[in-house]
2 protein chains.
Amino acid sequence: MVKLSIVERRSSVDAVVDQLRQGVIHGHMQPGERITEMELSAALGIGRSTVRTALLELEKDELVVRKPYSAWAVADISPIKIWEIYTLRGALEELAIKLATESLTEEGRAKLAEAFDLLDKVQRKGLTEQRTDADLNFHRTIVQLSNHKKLIKTYESLLLQVEWVYRWSERQRPTSIHLSDWHRPIYDGILSGDPAAAVAANLNNYAVTLELDKQQATVAEETGL
Amino acid sequence: MVKLSIVERRSSVDAVVDQLRQGVIHGHMQPGERITEMELSAALGIGRSTVRTALLELEKDELVVRKPYSAWAVADISPIKIWEIYTLRGALEELAIKLATESLTEEGRAKLAEAFDLLDKVQRKGLTEQRTDADLNFHRTIVQLSNHKKLIKTYESLLLQVEWVYRWSERQRPTSIHLSDWHRPIYDGILSGDPAAAVAANLNNYAVTLELDKQQATVAEETGL
DNA sequence: CGATGATCGATTGTTGACAATCGACGATTC
DNA sequence: GAATCGTCGATTGTCAACAATCGATCATCG
């Protein structure tokens with residue numbers, strides 16, 4: 001018998017959720033920008049309740065915020081929020097790395113290698129967007145290897161915010177980190193059965209990133225913006 | 001001027017969410033039990049959309065599951081799920097302990113001491129329910145001390161599931177752990193500025209708990225249930 | 001008798017109408 | 001002129017009707 005996959009039936013709200021999510025993440029809507037249900041309803045040719053349900057969904061991922069009886073708005077970005085996202089991310093990935101290392105299969109090695117190779121490929125020739133994709137994909141792959149459903153679910157939700165601020169930062173000031181060099185210690189740590197090393201490298205990466213952001217912010221402030 | 005607190009305006013949805021949450025967590029509804037929107041709507045004398053929105057909210061915390069076009073049901077409990085909840089909880093609390101230790105204030109020490117004292121109080125004379133309350137309260141307090149909004153939010157959501165399986169386990173077989181002894185190493189670690197010790201003690205506690213659960217399950221199976 | 005297909009009741013998915021609430025603006029008062 | 005209050009438009013909150021979908025049941029056919 002042929003191997004079949006379930007036809008995915010997407011409800012209207014799912015479609016709207018996807019569309020809005022992409023809009024926020026890719027910066028087609030500005031942080032803090034106001035959203036009204038009616039407007040979206042009219043623009044998308046879809047019922048207001050449906051739009052509403054979709055917005056409630058996005059609210060869970062903290063991509064939009066709700067002000068009862070007043071309005072919706074795209075969430076805004078602040079240094080504190082970025083710090084929170086990165087530290088939380090680090091904690092989740094720490095657990096993922098430990099679990100992934102413990103139960104790494106041949107198939108898992110292959111997937112991880114593929115994700116790492118992609119980093120190298122886009123490093124040599126790849127646009128900003130593709131570099132971001134590959135980077136996020138590498139981390140996502142590690143978490144998937146943990147085989148921990150709840151962890152994966154929590155992480156995927158957080159990763160939406162990560163992607164959001166990541167793309168936002170890249171638009172402001174593209175980073176020049178060498179993707180595969182940057183991630184190699186993590187990759188090596190997992191493959192060699194040394195989760196502690198991988199975790200340390202990962203957390204250090206984030207600490208460095210946050211430090212760079214901080215300096216950037218200071219410079220920006222001093223120069224008058 | 002008198003110190004005022006904002007009048008909390010609870011929407012109908014919030015009220016329903018609370019009620020359903022309590023129902024699930026305190027075991028008034030069995031795991032796997034089917035829920036229909038209409039039934040709740042009629043029982044609570046409230047519109048179906050409102051019920052629906054509330055259920056979507058509970059779905060986020062994974063207390064209920066949705067089967068599109070079919071029905072809602074109270075989530076079910078499995079050993080794997082319990083393991084996932086405890087490991088994820090450990091990872092989040094690990095971050096919380098580190099942050100709380102770093103930035104512990106005098107006020108924080110007081111809150112922590114209060115939470116710890118409560119453990120001792122209910123240890124000496126307290127019903128199962130109160131013991132559970134005090135236990136969860138101690139962990140919650142630590143996370144609050146982290147001052148990490150996203151972490152707190154994520155943890156609170158998970159803690160609902162923790163509370164749910166905790167009360168569920170307690171109803172099946174009340175534990176006899178000595179609450180303050182059990183948590184003292186964590187408490188001491190944080191107060192003495194030794195997060196690593198606190199984290200280790202905490203993770204060890206969960207490992208022991210899971211191991212006990214496992215043995216219990218094995219025994220139960222061997223004896224025919 | 002087993003497998004396939006049609007029918008139907010039950011339940012969720014979607015929608016537009018109506019109610020409740022908020023915030024801004026202007027009128028009023030001192 | 002400044003502070004307060006009332007009014008009103010805009011927006012979300014709630015609801016009940018209608019549409020889409022699913023799963024069980026039963027008829028049909030080989």
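Throughout, protein chains are lettered first and strands after them, A, B, ... in sequence-line order, and every chain is numbered starting at 1.
When the C1' atom of D/dT21 is taken as reference, atom OH of B/Tyr69 falls 6 Å away, rounded to whole Å. Across the protein-nucleic acid pair, B/Trp72 atom CH2 and C/dT12 atom P stand 8 Å apart, rounded to whole Å. If you measure from atom NZ of A/Lys67 to atom C1' of D/dT12, you get 13 Å, rounded to the nearest angstrom.
With D/dT12, C/dT11, D/dT14 as the choices, the nucleotide that has an atom nearest any side-chain atom of B/Ala71 turns out to be C/dT11. For A/Val13, taking side-chain heavy atoms from C-beta onward, the closest of the listed nucleotides C/dT14, D/dT14, C/dG13 is C/dT14.
With no hydrogens or angles considered, a side-chain donor-acceptor pair links B/Lys150 and A/Gln161 at under 3.5 Å. A donor atom on one side chain and an acceptor atom on the other are not found under 3.5 Å apart for B/Thr132 and B/Glu170.
Annotation: ring pair (Phe, Tyr, Trp, His ring centres under 6.0 Å) contacts of A/Trp168 (sequence neighbours excluded): none. B/Lys98 meets the side chain to side chain donor-acceptor pair (under 3.5 Å) test with B/Glu94; sequence neighbours excluded. In terms of the side-chain contact (heavy atoms from CB on, under 4.5 Å) criterion, B/Asn147 has no residue partners (sequence neighbours excluded). For A/Leu179, the side-chain contact (heavy atoms from CB on, under 4.5 Å) test picks out A/Leu119, A/Val122, A/Gln123, A/Arg131, A/Asp135, A/Ile177, A/His183, with sequence neighbours left out.
Remark: A/Ile46, A/Gly47, A/Arg48, A/Ser49, A/Thr50 in residues 32-51 of chain A come within less than 4.0 Å of DNA chain C through at least one heavy atom. Residues from residues 55-65 of chain B with heavy atoms under 4.0 angstrom of DNA chain D: there are none.
Using a 4.0 Å cut-off, some side-chain N or O of B/Ser12 falls inside it from OP1 or OP2 of D/dT14.
Taking CG from B/Leu160 and OH from B/Tyr155, the interatomic distance works out to 11.0 Å, rounded to the nearest 0.5 Å.
Ring centroid separation for the pair B/His26 and B/Trp164 does not come in under the 6.0 Å cut-off.
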